[in-house]
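Read the numbers this way: they start at 1 and go in the same order the structure lists the ligands and their atoms.
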Amino acid sequence: MFFDREKELSKLLKIIESEPSLITFIYGPINSGKTALIQEFIRKMPDHYVAFYINLRATPITKYEDFIDILFSIEFENPIKNLKEALSLVISAGKEILGIPIPNDFLKQILSENKPKNAFLYITKLLTEVKRRGKRPILILDELQVIGDLRINGPLIYEIFNFFIHLTKEAHLSHVFTITSDSLFMERIYSEAMLQGRADYFLVDDFDEKTALNFLKSQGLTEEEANLALEYFGGKPPYLIEAIKHREELEDYCKKALAMRTRQVYSFAYGKRRIIKLLTEFKNKEEVPFTGKVTRTLEEAVKANILFVDPLNGIIKPQGRLELLAIREALRMLT
Ligand SMILES: Nc1ncnc2c1ncn2[C@@H]1O[C@H](COP(=O)(O)OP(=O)(O)OP(=O)(O)O)[C@@H](O)[C@H]1O
């Protein structure tokens, strides 16, 4: 059951009403509900849209072939013979299609040439035809950070950005949404010169306090139980879902979850003075300013899923309420 996110949904639906001109980068802390929101967004889109949804984390991507496999997600049982067949597949797909249909011969050619540009040229051609048939295409790439360091002749990400800029700002052909929960990757994107003026940023944070309380109460928790869950888990949807499941022994469940997260933070920071110093900033504060410099220490804490960097709002904060409490507990044991 999907809950709320009315504000975010109406903003996203508004974006697609206008002509595509910017790439939208959706980002947020781990498990804040980005993918769930995008899935609901697709459900709520009017019928004349078709979303091509590509989840780059579906299988590991280490080389060009893996990327092409996911992009053209070979989910079709029968080989597609030509562009006309690919197009009718899209037109009859409804509002969402996983991967991009491509004629078999073309796919073989693209794989043998090892040039991402040719794959992108094909997609442009297909999207142009989709638009000509009266449907409005939307391209969605989930977990974009997965290909952040992939090189095919040169860094793939730049070719992708060029392609996205073409689809949006230049050709106004398709809206492009990318999703990532890797805030270091997001920081790289935010300071990327080639994206200046060509990108928009959309934060999907954990539920705010009121929404989280409403969510918990809508699932049958009493005011007191809801407040207890909120105290430990803030508005992180999957944690709240687990809390609901453990309603019968809620207090015990909350304490155990915190003890476990505390152990993880403790062993991450143990013996590392610079890490302890960074975490100490959260002893009395919930967030601190982000100066724009990603130090090695910050990088480690983000990679360990303890801290989250929001480059747009210029803040660093724990990934969620549980992490904030765990940092404070761990600091008590470490100092
Ligand atoms: N609005 C919501 N209503 C109900 N459940 C939600 C909502 N948002 C997220 N969830 C649940 O929380 C879990 C995590 O959500 P989701 O996978 O969308 O997060 P994410 O931000 O995409 O995660 P990641 O950081 O791994 O990319 C899912 O099981 C999802 O069903």
Residue selection (non-hydrogen contact nearest atom 16 (P) of ligand 1) among Gly33, Ser218, Pro29, Ser32: Gly33

Looking at atom 25 (O) of ligand 1, what's its closest protein heavy atom, distance included? Asn31 N, 2.8 Å

Looking at Arg57, which atoms of ligand 1 are within less than 4.0 Å of one of its heavy atoms? 26 (O)

Ligand-residue contact atoms, ligand 1 with Phe207, heavy atoms, under 4.0 Å: 1 (N), 2 (C)

Of the side chain and backbone of Ala36, name the one, both, or neither that has a heavy atom under 4.0 Å from an atom of ligand 1. both

Is the shortest distance from atom 28 (C) of ligand 1 to a protein heavy atom below 4.0 Å? no

With a 4.0 Å cut-off on heavy atoms, is Asp4 in contact with ligand 1? no

Could you establish whether Gln39 and ligand 1 come within less than 4.0 Å of each other, counting only heavy atoms on the residue side? no

Is it the side chain (CB and beyond), the backbone, both or neither of Glu143 that lies under 4.0 Å from ligand 1, heavy atoms counted? side chain

Which of the ligand 1 atoms, numbered from 1, are nearer than 4.0 Å to a heavy atom of Phe3: 1 (N), 2 (C), 3 (N), 4 (C)

Return the orientation label for the Phe3 and Phe207 ring planes: parallel under 30°, perpendicular over 60°, tilted otherwise. perpendicular

When you compare ligand 1 with Arg5, is there at least one nitrogen or oxygen pair between them that comes in under 3.5 angstrom? no

Using the rule given for ring pair (Phe, Tyr, Trp, His ring centres under 6.0 Å), can you reason through Phe202 versus Phe25, listing the C-alpha separation, both sets of side-chain angles and the distance that settles it, and then say yes or no? CA-CA 6 Å; Phe202 192 101; Phe25 287 94; over 10 Å; no

Any non-hydrogen side-chain atom of Glu40 less than 4.5 Å from a side-chain atom of Leu9? yes

Please write down residue, atom name and distance for the protein heavy atom closest to atom 10 (N) of ligand 1. Pro237 CB, 3.6 Å

Take atom 18 (O) of ligand 1 and look for protein heavy atoms under 4.0 Å from it; say yes if you find one, no if not. yes

Give me the atom names and distance for the closest heavy-atom approach of Phe2 to Ala36. CE1-O, 3.5 Å

Classify the contact between Ile241 and ligand 1 as side chain, backbone, both or neither, using a heavy-atom distance cut-off of under 4.0 Å. side chain

Does ligand 1 have an atom under 4.0 Å from some heavy atom of Lys236? no

